[in-house]
Q: 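My questions will all concern the structure given below.
We count residues from 1, following the sequence as given.
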Amino acid sequence: MKDAVLDTNPGSPAERPAADPSVTAPPPPPAAKKKGTDWWSEVKGLFWLLLIVLGFHSFIAKPFYIPSESMLPGLQVGDRLVVSKFAYGWSYVSPTIPNPIAIFKSVVLRQPEDSWSYQLPFIHGRLFGSLPTRGDVVIVTPPGTHNDYIKRVIGLPGDRLEVRDGVVILNGKPVERGPLHYIDIPVDTNSPCKASDYGDQAKIRLASGQWVCHLPIVTETLPNNRRYDTVELGWSPGDNYGPITIPADHVFLMGDNRDRSADSRFSLAELGLGGAVPYENLGGRAEFVTFSLDGDATLNPLTWWGSLRSGRAGTSLHPTTVKPGS
């Protein structure tokens with residue numbers, strides 16, 4: 001008679017307990033999801049990114065491009081700079097609200113547009129507002145327009161201001177002016193030194209072969225001892241103005257290129273600022289140049305580096321403060 005063989009392996013049928021019908025078997029693992037792009041998450045991410053960027057531009061700082069020569073010699077066409085939006089508090093011109101229609105017309109249809117942004121209706125006052133310091137370089141939106149200008153603060157509320165033969169007179173005292181001297185600005189696509197603007201003799205060629213714009217300069221020193229250079233080309237329609245008393249909460253602005261600047265001396269119809277402007281129209285204070293382009297760059301990225309102007313990056317836009325009598 002054969003011996004019976006016991007199955008002693010662990011887990012063998014002989015050792016397994018009987019199945020308990022009250023215990024539910026674990027559910028099968030979920031089927032793997034199909035890989036793909038979650039477009040809704042992408043859209044939400046882009047929305048929040050755009051909101052953060054617009055918030056930063058509206059309330060902290062914003063890049064600005066110099067389109068004209070009205071602030072020569074300190075600012076040149078092609079300069080890119082940073083504007084602090086919080087310097088004087090916030091007003092109705094502070095928010096950056098993109099206008100898709102204006103962007104499309106400008107970029108796609110190549111039609112000139114005053115601004116790529118919507119502007120809120122005028123609201124009196126500023127949140128945490130303060131007046132600028134005389135001599136600040138500011139961004140300003142002329143009343144009733146959507147354009148951004150860049151000018152220097154010359155007159156403050158209550159000042160009695162006039163201009164006589166090109167000399168600014170504040171509260172009965174002429175602003176201090178230094179002797180006439182010259183500086184040379186390299187000629188390039190963005191700074192062509194047109195004879196119609198600066199005369200036939202302004203564009204000269206140095207011994208090195210470089211073409212420069214030889215500009216006559218007068219240094220002004222304001223009553224608070226802040227000093228900066230202005231371009232003095234001789235007589236122009238803005239050489240005589242006023243006198244006026246600057247109203248409360250208004251500032252009087254002028255360009256440093258005095259004979260080529262549409263500023264507070266000129267009416268809105270003349271593309272000026274229409275006199276002293278409400279301080280609500282100030283969009284911020286210009287701080288420093290980030291970089292500058294000579295105008296030769298194309299869509300080809302290989303041309304971008306060569307178009308950079310040397311020595312412009314980091315240039316402060318705050319005027320020099322000098323000791324009294326120096």
Side-chain angles (χ1 to χ4, degrees), residues 53-68 70-71 75 81-99 102 113-161 168 170-171 222 224 226 241-256 261-287 317-319:
V53 171
L54 294 179
F56 187 87
H57 282 189
S58 298
F59 303 110
I60 307 300
K62 181 180 179 179
F64 190 81
Y65 167 74
I66 300 299
S68 76
S70 69
M71 285 296 288
L75 284 169
L81 49 104
V82 169
V83 174
S84 61
K85 301 299 286 290
F86 57 87
Y88 313 123
W90 297 277
S91 72
Y92 79 101
V93 300
S94 298
T96 299
I97 307 172
N99 182 347
E113 290 291 322
D114 292 340
S115 174
W116 284 10
S117 300
Y118 290 109
Q119 188 180 100
L120 299 176
F122 179 83
I123 301 173
H124 180 70
R126 300 185 75 97
L127 181 63
F128 304 114
S130 62
L131 286 168
T133 301
R134 202 190 305 273
D136 283 355
V137 176
V138 301
I139 304 302
V140 59
T141 302
T145 75
H146 295 81
N147 299 320
D148 285 333
Y149 287 18
I150 183 164
K151 305 295 177 186
R152 191 179 298 277
V153 178
I154 301 297
L156 297 175
D159 282 344
R160 188 70 173 166
L161 181 145
V168 178
L170 282 173
N171 300 316
L222 293 171
N224 60 351
R226 302 185 90 188
Y241 177 87
I244 65 165
T245 298
I246 300 174
D249 295 331
H250 284 62
V251 291
F252 195 91
L253 308 175
M254 298 177 71
D256 291 348
S261 173
D263 47 42
S264 287
R265 296 169 293 171
F266 298 93
S267 68
L268 294 172
E270 297 171 294
L271 302 181
L273 298 176
V277 297
Y279 88 140
E280 290 91 348
N281 291 62
L282 299 182
R285 181 179 65 202
E287 303 292 347
L317 301 178
H318 294 226

Q: What's the shortest heavy-atom distance between Phe86 and Ile60, and which atoms?
A: CD2-O, 3.2 Å
Q: State, to 0.1 Å, how close Leu81 and Ala286 come at their nearest heavy-atom pair, and which atoms those are.
A: CD1-CB, 4.0 Å
Q: Please list, chain by chain and in numerical order, all residues satisfying side-chain contact (heavy atoms from CB on, under 4.5 Å) with Pro67, sequence neighbours excluded.
A: Tyr65
Q: For Phe56, what residues pass the ring pair (Phe, Tyr, Trp, His ring centres under 6.0 Å) criterion, not counting sequence neighbours?
A: none
Q: List in chain and number order the residues that pass side-chain hydrogen bond (donor to acceptor under 3.5 Å, both in side chains) with Tyr149, two or more places apart in sequence or in another chain; answer none if no residue qualifies.
A: none
Q: Mind checking side-chain hydrogen bond (donor to acceptor under 3.5 Å, both in side chains) for Tyr118 and listing every partner two or more places apart, or none if nothing turns up?
A: Asn99
Q: Would you check if Val82 and Pro63 make a side-chain contact, meaning some heavy-atom pair closer than 4.5 Å?
A: no
Q: Restricting to side-chain contact (heavy atoms from CB on, under 4.5 Å), what partner residues turn up for Leu127, sequence neighbours left out?
A: Trp90
Q: Working to the nearest 0.5 angstrom, can you tell me the gap between Ile244 CD1 and Ser264 OG?
A: 7.5 Å
Q: Would you please name every residue forming a side-chain contact (heavy atoms from CB on, under 4.5 Å) with Leu268, sequence neighbours left out?
A: Pro142, Pro143
Q: How close do Ser58 and Thr96 get, heavy atom to heavy atom, and via which atoms?
A: OG-N, 2.7 Å
Q: Report the C-alpha distance between Val140 and Val251 in whole Å, list the side-chain angles of each, state the deciding distance to 0.1 Å, and finish with yes or no for side chain to side chain contact (heavy atoms under 4.5 Å, CB included).
A: CA-CA 10 Å; Val140 59; Val251 291; over 6 Å; no
Q: I need the full list of salt bridge (charged side-chain N to carboxylate O under 4.0 Å, His left out) pairs touching residues 266-286, with sequence neighbours left out, sorted by first then second residue.
A: Arg285-Glu287
Q: Does the side chain of Thr141 pick up a donor-acceptor pair with the side chain of Asp148 at under 3.5 Å?
A: yes
Q: If you look at every heavy atom in Pro95 and Ser91, which pair is closest and at what distance?
A: CD-O, 3.5 Å
Q: With Arg126 as the cation and Tyr88 as the aromatic partner, state whether NZ or CZ is under 6.0 Å from the six-membered ring centre and within 45° of the axis.
A: no
Q: Does any part of the side chain of Leu75, heavy atoms only, come nearer than 4.5 Å to the side chain of Leu317, both counted from C-beta?
A: yes
Q: Check whether any side-chain heavy atom of Phe266 sits under 4.5 Å from a side-chain heavy atom of Leu271, and report yes or no.
A: no
Q: I would like to know whether His57 and Lys85 meet side chain to side chain contact (heavy atoms under 4.5 Å, CB included); could you show each step before the answer?
A: CA-CA 8 Å; His57 282 189; Lys85 301 299 286 290; 5.6 Å; no
Q: Could you report the tightest heavy-atom contact between Asn224 and Thr133, atom names first, then the distance?
A: ND2-CG2, 3.8 Å
Q: Tell me every residue that passes ring pair (Phe, Tyr, Trp, His ring centres under 6.0 Å) with Phe252, counting only those two or more places apart in sequence or in another chain.
A: Tyr241
Q: What I'd like to find out is whether the side chain of Val137 reaches to under 4.5 Å of the side chain of Met71, using heavy atoms alone.
A: yes
Q: Can you list, pair by pair, the side-chain donor-acceptor contacts under 3.5 Å of residues 150-161, counting residues two or more places apart and other chains?
A:
residue: Lys151; atom: NZ; partner: Ser70; partner atom: OG; Å: 3.2
residue: Lys151; atom: NZ; partner: Ser261; partner atom: OG; Å: 3.0
residue: Lys151; atom: NZ; partner: Ala262; partner atom: O; Å: 3.3
residue: Arg152; atom: NE; partner: Asp256; partner atom: OD1; Å: 2.9
residue: Arg152; atom: NE; partner: Asp256; partner atom: OD2; Å: 3.4
residue: Arg152; atom: NH1; partner: Gly135; partner atom: O; Å: 2.8
residue: Arg152; atom: NH2; partner: Asp256; partner atom: OD2; Å: 2.7
residue: Asp159; atom: OD1; partner: Asn171; partner atom: ND2; Å: 3.1
residue: Asp159; atom: OD2; partner: Arg134; partner atom: NH1; Å: 2.6
residue: Asp159; atom: OD2; partner: Arg134; partner atom: NH2; Å: 3.3
residue: Asp159; atom: OD2; partner: Leu156; partner atom: N; Å: 2.8
residue: Arg160; atom: NH1; partner: Thr245; partner atom: OG1; Å: 2.8

Q: List the atom of Ile66, the atom of Ser68, and the distance in Å for their closest heavy-atom pair.
A: CG2-O, 3.3 Å
